[in-house]
Number of protein chains: 2
Amino acid sequence: MQMGEGVEWALHSCLNLAWAEPGEAVPAAKLAAFYDLPAAYLNKQLQALARAGIVTSVSGPRGGFRLARAPEEITVLDVVTAIEGPQEAFRCQEILRRGPGGSESVDYRKACVVSQTMRGAELAWRKELAGQTLADLQARVESRSPRTPAMTRQRFGEL
Amino acid sequence: MQMGEGVEWALHSCLNLAWAEPGEAVPAAKLAAFYDLPAAYLNKQLQALARAGIVTSVSGPRGGFRLARAPEEITVLDVVTAIEGPQEAFRCQEILRRGPGGSESVDYRKACVVSQTMRGAELAWRKELAGQTLADLQARVESRSPRTPAMTRQRFGEL
DNA sequence: GGTAGACTACTCGGATACCGTGTGTCCGAGTCCTCGCGG
DNA sequence: CCGCGAGGACTCGGACACACGGTATCCGAGTAGTCTACC
């Protein structure tokens, strides 16, 4: 069980977008150059964020990506779900249906104790991620490194 | 991010082992026939459980698998970790190292706010799974279907 | 000088290959039971 | 009748193919800015 590395890229890129000049669209190439990432592939991840309504994209010169909402309104779970998809990590195949006493009419994703347990754990995981917004992450970074916003904007200007 | 289906198989098989006659070794073929699973592949998963010390294996006629410890001493997390491996789902590549102000001597898996957040969520997930033992699952199933232990043993006898 | 038009450069978006991990299968090593033979 | 030994059957264990999703790349569609020519 491993999540794609695009999740890390997307989260850091969203933070950088949050620190960019308000209203400024940042192209994927700049976001990629920030951490020396493959630009085309990062672009693909950003497209997923755009489809999820987390960022908006604009084509052409002076185009790029920008956050679609305020950082306070974007949770870490939103970003993770946009990249990894909405389906749960544990996929209940309902094998109980093939076992003794298995019924065709029962939804074992709800009834099976194993499924319930795994679902409960994922719920706790989602709850943690949903409780953290981009603004929270920004605040924690800035409390440790107050110059980060200015440095980010400066870096975007240089690239 | 999707965990292997072997996790579901392993959990249900462990439950069935817990309900089997004490001291009886159940071969992989019987466990597979229980839910009409591919026997050789389930055997592979059971080997992983054996390597993790959750079950013990014995070769030859009358051989098979049995639980290595009491169900109270086996957590769901133990089984999941045995199948999926101990590494975390979120893999921090420490891309901050390549960014502006990135240092070679900093362990960003500890320092990076993104990594901390993801790690915290996985910790909550693990805590949930570690809080449930096989005995807990057994009890919940038996409270709903008291005949399950007898039916399981009967099924093993028929196969 | 102002304006309209076309051109160019830039960016996203999706279609297209490549690779690694999970999925599935097979055969060999080891063990126990059983059957036959000899005492 | 009892003990011993060889054979066979059964099971795990790891080595070997296959498939699918994640990884990476490229090229086309669309847009904004700019330059030029004309009014």
Side-chain angles (χ1 to χ4, degrees), chain A residues 1-10 13 17 20 23-33 35-66 68 80 82-87 89-91 93 95 156 159, chain B residues 1-10 13 17 20 24-33 35-66 68 80 82-85 87 89-91 93 95 156 159:
Chain A
M1 183 189 50
Q2 235 167 222
M3 63 176 56
E5 56 189 350
V7 172
E8 184 183 10
W9 304 358
S13 294
L17 284 177
E24 178 191 9
V26 183
K30 281 192 181 183
L31 288 168
Y35 300 117
D36 196 23
L37 302 174
Y41 189 33
L42 177 63
N43 188 23
K44 193 180 181 64
Q45 315 289 355
L46 292 170
Q47 287 175 30
L49 294 179
R51 275 191 295 270
I54 296 172
V55 302
T56 59
S57 64
V58 41
S59 289
R62 311 283 299 167
F65 296 90
R66 73 188 68 176
V80 172
I83 300 295
E84 289 293 317
Q87 73 281 13
F90 178 79
R91 33 180 177 168
Q93 305 284 111
I95 64 175
F156 279 144
L159 292 173
Chain B
M1 184 190 48
Q2 236 168 221
M3 63 175 59
E5 56 189 350
V7 172
E8 185 182 10
W9 303 359
S13 295
L17 285 177
E24 178 191 8
V26 183
K30 281 192 182 182
L31 289 167
Y35 300 117
D36 196 25
L37 302 174
Y41 189 32
L42 177 63
N43 188 23
K44 196 180 180 64
Q45 316 288 356
L46 292 170
Q47 287 174 31
L49 294 180
R51 275 192 295 271
I54 295 172
V55 302
T56 59
S57 64
V58 41
S59 290
R62 311 282 300 166
F65 297 89
R66 73 189 66 177
V80 172
I83 301 296
E84 289 293 316
Q87 72 282 12
F90 178 79
R91 36 182 174 167
Q93 305 283 111
I95 63 176
F156 279 144
L159 292 173

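Throughout, a chain's letter reflects where its sequence line sits, starting with A, and its residues are numbered from 1.
B/Q2 comes within 4.0 angstrom of nothing in the nucleic acid, heavy atoms only. Backbone-only engagement by A/A28 is indicated by non-hydrogen atom pairs under 4.0 Å involving sugar-phosphate atoms exclusively.
Considering only side-chain atoms of B/P61, the nucleotide from C/dT31, C/dC10, C/dT11 that sits closest is C/dT31. For A/S59, whose side chain is taken as the heavy atoms from C-beta onward, the closest listed nucleotide among D/dT25, C/dG30, C/dT11 is C/dT11. Of the listed nucleotides (C/dT11, D/dT23, D/dG13), D/dT23 has the atom at the smallest distance from the side chain of B/R91. Here the side chain of A/E5 is nearest to one of D/dG13, C/dC12, D/dA24, namely D/dA24. With C/dC12, C/dC33, D/dG13 as the candidates, the nucleotide lying closest to the side chain of B/N43 is D/dG13. Set against D/dT11, C/dC26, C/dT23, the side chain of B/P27 has D/dT11 as its closest nucleotide.
Rounded to whole Å, atom C1' of C/dG22 lies 16 Å from atom CD of B/E8. In this structure, the OH atom of A/Y41 is 14 Å from the P atom of D/dG21, given to the nearest Å. The CD atom of B/E84 sits 9 Å away from the C1' atom of C/dG22 (whole-angstrom rounding). Between the CG atom of A/L42 and the P atom of D/dG22 there is a distance of 17 Å, given to the nearest Å. The distance between atom CD of B/Q47 and atom C1' of C/dG28, rounded to the nearest whole Å, is 13 Å.
Across the interface with DNA chain C, nearest-nucleotide mapping of B/A39 and B/Q87 shows B/Q87 to be the residue nearer the 5′ end. Remark on DNA chain D: of its neighbouring residues A/R62 and A/W9, the 5'-side contact belongs to A/W9, judged by nearest-heavy-atom nucleotide.
Within the 3.5 Å criterion, the main-chain N or O of B/Q93 finds a donor-acceptor partner in the side chain of A/E8. Here the side chain of B/E84 pairs a donor or acceptor atom with the backbone of A/M1 at under 3.5 angstrom. Side-chain atoms of A/R66 do not come within 3.5 Å of backbone N or O of A/L17 as any donor-acceptor pair.
A/R51 has a side-chain polar atom (N or O) that falls below the 4.0 Å cut-off from OP1 or OP2 of C/dG14.
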